[in-house]
Asks: 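Structure below; questions to follow.
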Amino acid sequence: MTIPIKKICCIGAGYVGGPTMSVIADKCPDIQITVIDINTDKIKAWNTSDLSKLPIFEPGLSNIIKRCRGKNLHFSSEIKENIAEADMVFISVNTPTKTKGIGAGEAIDLKWIEASARQISKYATGNTIVVEKSTLPIKTGETIKKILEADNSKNSTKIPRRFSVLSNPEFLAEGSAIKDLEEPDRILIGGEDNLSINSLINIYSRWVSRNKIITTNLWSAELSKLIANAFLAQRISSINSITALCEITDSSIKEVSNAVGSDKRIGDLFLKAGPGFGGSCFKKDILNLVYICNYYGLNEVADYWRKVIEINNWQKDRIVKIIVKNLFGNLSEKTLTILGFSFKANTNDTRESPALDICKKLLNEGANIKIYDPKVSEERISMDFNDDLSQFKRDKWEKSTTIYEACENSDAVIILTEWNEFRVIDWEKVSLIMRKPSWIFDTRNISNLENARNYGINVWSLGEVE
Ligand code: NAD
Ligand code: UGA
């Protein structure tokens with residue numbers, strides 16, 4: 001038995017809400033889906049006729065928007081009506097780390113989740129299945145249920161209402177969101193109410209085989225999402241911790257990673273060494289796990305997971321120290337070329353990007369920097385620098401429009417994001433326009449550095465023999 005779902009509303013038109021609802025709309029033409037957001041500029045951007053100006057860049061997204069928008073996929077700022085009409089409401093709002101008060105720096109700020117629950121409570125009519133799509137601390141479902149049920153008396157209609165809460169965490173990665181949504185490794189649904197669970201299964205099973213849909217209790221689903229992210233981040237810190245050892249023992253991180261990852265029990269994914277993991281979620285989700293463990297008195301477990309973040313910070317510091325040391329301990333009056341500003345390739349997202357931290361440290365050393373990134377806008381970079389740093393003067397950095405413009409008169413090229421175009425740089429051309437002695441620091445191990453060496457450029461490659 002299932003409840004027929006004719007209308008879905010998704011609260012939050014961000015990196016998760018936008019692509020997730022686009023794929024559901026594409027796969028379920030009979031369901032009307034509206035994504036709502038309090039940010040009216042974002043909604044305007046989702047409705048733009050110029051598809052290159054959508055608020056987020058994801059390969060394959062604009063094609064789906066073209067197919068579905070205005071048919072069964074809508075983006076709107078109209079909150080009341082869309083919640084009232086929905087049979088199912090997804091909550092896909094931001095859940096950042098708290099910046100003040102109890103748990104600041106670790107716990108999740110549930111302000112936006114609570115506001116969403118109150119909106120649903122106020123406007124929902126009839127039976128509503130509420131789906132947690134955001135990544136949440138374990139037991140948040142309980143809070144949502146309490147808010148939904150407590151406010152029942154205040155609803156604007158007199159129709160009796162019934163709520164059911166499910167956890168359906170999202171595992172998409174940015175840059176491959178559409179592929180991840182279309183061909184997921186698994187769909188996880190946690191809850192107690194079989195009728196609601198079956199209704200959500202009914203949606204996903206249009207394109208995901210039933211054996212990939214895992215059902216659990218609500219708390220296991222909430223916790224599994226945090227743990228999946230913690231495990232992925234832990235692998236990156238593990239391999240990054242070994243880069244330093246490789247550099248001093250004449251071994252190669254690429255070779256070690258390949259040899260270790262060839263063991264089926266270990267697997268070869270998420271073993272690429274780099275400048276540290278970025279993105280909006282790994283750090284905040286591990287910090288949240290640390291907070292939860294300490295809250296329940298599991299201090300050793302908390303310390304274990306905190307180390308994953310400490311190694312991540314250590315890696316960024318280490319890279320900056322290596323750059324400074326090789327440039328004679330002094331960056332003032334020097335120009336550095338930054339290739340890649342997003343936290344990974346194929347996205348314009350810069351949240352927690354290692355490039356941002358590394359650039360700030362280089363600017364602090366007095367360097368001038370020229371940044372090239374194929375998708376991150378100058379406006380975004382400016383906002384990132386100004387978020388907490390009024391001391392970073394605008395004349396100390398500039399955004400370049402090509403790789404080669406960014407390399408003009410530069411002392412060092414620093415590759416921080418693994419964009420494909422950085423794999424095929426014409427190092428001969430670069431060697432002619434850089435200041436001597438010239439350096440390349442490749443923190444992603446993607447460039448043809450042998451070739452660069454042949455043109456007289458000094459080369460440092462993460463975790464490789466110098
Ligand atoms: P985001 O910041 O890109 O988007 C969240 C949106 O929610 C914002 O546009 C915001 O304006 C809107 N919002 C907040 N409160 C609202 C309210 N009361 N009513 C209407 N709109 C509201 O965040 P995101 O990256 O999409 O992440 C959302 C959640 O999904 C987080 O919990 C995150 O941990 C999780 N997640 C993110 C990713 C990812 O790749 N970004 C992947 C999996 C899970
Ligand atoms: C990550 C997870 O992969 C998703 O499953 C999850 O849904 C999402 O977080 C989330 O909850 O937000 P995302 O952060 O978009 O996705 O991107 P990843 O591909 O995981 O990369 C994260 C960071 O790790 C990037 O900075 C990337 O460059 C780095 N990374 C990744 C490495 O340094 N080495 C690797 O081998 C893999």
Side-chain angles (χ1 to χ4, degrees), residues 3-14 16-18 20-21 24-25 31-44 46-47 72-96 98 101 107-170 189-193 195-197 199-200 203 218 221-222:
I3 303 166
I5 306 295
K6 294 196 192 92
K7 284 199 172 173
I8 289 178
C9 171
C10 174
I11 307 180
V16 170
T20 308
M21 292 303 125
I24 297 182
I31 302 179
Q32 284 294 322
I33 300 179
T34 306
V35 191
I36 58 174
D37 205 293
I38 41 175
N39 182 336
T40 48
D41 287 342
K42 204 176 262 188
I43 292 298
K44 248 189 234 152
W46 278 110
N47 283 320
N72 68 327
L73 176 66
H74 315 275
F75 295 90
S76 165
S77 308
E78 177 46 61
I79 291 177
K80 179 177 173 182
E81 180 188 307
N82 285 301
I83 290 178
E85 290 176 359
D87 307 299
M88 187 175 266
V89 179
F90 285 79
I91 302 179
S92 193
V93 299
N94 36 320
T95 51
K98 270 184 94 170
I108 293 293
D109 192 340
L110 290 171
K111 181 163 87 181
W112 293 272
I113 291 290
E114 184 169 338
S116 304
R118 288 184 189 277
Q119 283 166 344
I120 300 170
S121 167
K122 192 164 171 196
Y123 301 126
T125 54
N127 292 342
T128 310
I129 301 172
V130 178
V131 185
E132 300 172 349
K133 192 47 123 176
S134 296
T135 303
L136 297 173
I138 183 163
K139 296 283 177 181
T140 306
E142 210 159 74
T143 308
I144 294 177
K145 274 186 201 167
K146 278 186 189 153
I147 293 170
L148 293 174
E149 278 151 21
D151 243 8
N152 223 352
S153 57
K154 285 198 198 143
N155 73 67
S156 49
T157 69
K158 297 281 171 260
I159 309 163
R161 304 176 320 152
R162 190 181 155 275
F163 294 106
S164 164
V165 177
L166 301 178
S167 165
N168 171 222
E170 184 48 61
I189 302 175
E192 280 107 45
D193 167 10
L195 198 60
S196 302
I197 293 173
S199 307
L200 190 52
I203 292 175
L218 197 54
E222 288 179 342

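Not measured: the values here are computed from a predicted model. As a basis for the values below, the full set of heavy atoms in this structure was taken, side chains included, without hydrogen atoms, waters or symmetry mates.
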Asks: Could you walk me through whether Ile120 and Ile11 pass the side-chain contact (heavy atoms from CB on, under 4.5 Å) check?
Replies: CA-CA 9 Å; Ile120 300 170; Ile11 307 180; 3.8 Å; yes
Asks: Report yes if some heavy atom in the side chain of Ile144 is under 4.5 Å from a heavy atom in the side chain of Phe163; otherwise report no.
Replies: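 Not in contact.
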Asks: Check whether any side-chain heavy atom of Asp87 sits under 4.5 Å from a side-chain heavy atom of Asn127, and report yes or no.
Replies: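 Heavy-atom side-chain distance check fails, nothing below 4.5 Å.
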Asks: Are Thr135 and Val16 packed together at the side-chain level, in the sense that at least one heavy-atom pair is separated by less than 4.5 angstrom?
Replies: no
Asks: Should Leu73 and Ile24 count as side-chain neighbours, where that means a heavy-atom distance under 4.5 Å?
Replies: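 No. Closest side-chain heavy atoms not under 4.5 Å.
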Asks: Side chains of Ile8 and Val131: does their closest heavy-atom pair fall under 4.5 Å?
Replies: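 The answer is no; the side chains never approach within 4.5 Å.
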Asks: For the residue pair Glu81 and Glu78, what are the closest heavy atoms and their distance?
Replies: N-OE2, 3.2 Å
Asks: Take Leu166 and Ile197 through the test side-chain contact (heavy atoms from CB on, under 4.5 Å) and record every step on the way to the result.
Replies: CA-CA 7 Å; Leu166 301 178; Ile197 293 173; 3.7 Å; yes
Asks: Quick check: closest heavy atoms across Ala124 and Ile83, and the distance to 0.1 Å?
Replies: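 In terms of heavy atoms, the two residues are closest at N-CG2, 3.9 Å.
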Asks: Output the distance between atom CG (Leu200) and atom CD1 (Ile189), rounded to the nearest 0.5 Å.
Replies: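 It comes to 4.0 Å.
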Asks: With sequence neighbours left out, which residue pairs that include part of residues 129-145 fulfil the salt bridge (charged side-chain N to carboxylate O under 4.0 Å, His left out) condition?
Replies: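 Qualifying pairs: Lys133-Glu170, Lys145-Glu192.
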Asks: Roughly how far, to the nearest 0.5 Å, is NE2 of His74 from CG of Asn82?
Replies: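 These two atoms lie 9.0 Å from each other.
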Asks: Counting N and O atoms only, with roles assigned by atom type, does the side chain of Trp46 sit under 3.5 Å from a partner on the main chain of Gly18, one being a donor and the other an acceptor?
Replies: no
Asks: Search all heavy atoms of Tyr123 against all heavy atoms of Arg161 and return the closest pair with its distance.
Replies: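 Reported closest heavy-atom pair: C-NH1, 4.5 Å.
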Asks: CG/Asp109 to OG1/Thr95 distance, rounded to the nearest 0.5 angstrom?
Replies: 9.5 Å
Asks: Taking the side chain as every heavy atom from C-beta outward, state whether Ile36 and Cys9 have any pair of such atoms under 4.5 Å apart.
Replies: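 Contact flag for Ile36/Cys9 side chains = yes.
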Asks: State, yes or no, whether a side-chain contact exists between Gln119 and Val89 at a heavy-atom distance under 4.5 Å.
Replies: no
Asks: State the CD1-OG distance between Ile3 and Ser164, to the nearest 0.5 angstrom.
Replies: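 Reported to 0.5 Å precision, the distance equals 7.0 Å.
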Asks: Closer than 3.5 angstrom, by distance alone: can the side chain of Asp37 be matched with the main-chain N or O of Ile43 as a donor-acceptor pair?
Replies: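 Pair absent, no side-chain N/O of Asp37 close to backbone of Ile43.
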Asks: What distance separates Glu222 CD from Asn168 CG, expressed to the nearest 0.5 Å?
Replies: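 Interatomic distance, Glu222 CD to Asn168 CG, rounded to 0.5 Å: 12.0 Å.
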Asks: On a heavy-atom basis, which atom in Thr140 and which in Leu110 lie closest, and how many Å separate them?
Replies: CG2-CD2, 4.2 Å
Asks: Just to verify, what does Ala84 make a side-chain contact (heavy atoms from CB on, under 4.5 Å) with, not counting sequence neighbours?
Replies: Thr125
Asks: Nearest 0.5 Å, please: how far is OG in Ser199 from CG in Asp193?
Replies: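 Separation between the atoms: 8.0 Å.
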Asks: For Cys10 versus Ser92, what's the shortest heavy-atom pair and its separation?
Replies: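 Result for this residue pair: SG-CB, 3.7 Å.
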Asks: Does Asn47 reach the main-chain N or O of Phe75 with its side chain, forming a donor-acceptor pair under 3.5 Å?
Replies: yes
Asks: Please name all residues satisfying side-chain contact (heavy atoms from CB on, under 4.5 Å) with Thr143, sequence neighbours left out, ordered by chain then number.
Replies: Ile147
Asks: Under a 4.5 Å cut-off applied to non-hydrogen side-chain atoms, are Ser116 and Val130 in contact?
Replies: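 A side-chain contact is absent here, since even the closest heavy-atom pair is not under 4.5 Å.
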Asks: At their closest point, which heavy atom of Ser76 faces which heavy atom of Thr34, and how far apart are they?
Replies: CB-CG2, 3.8 Å
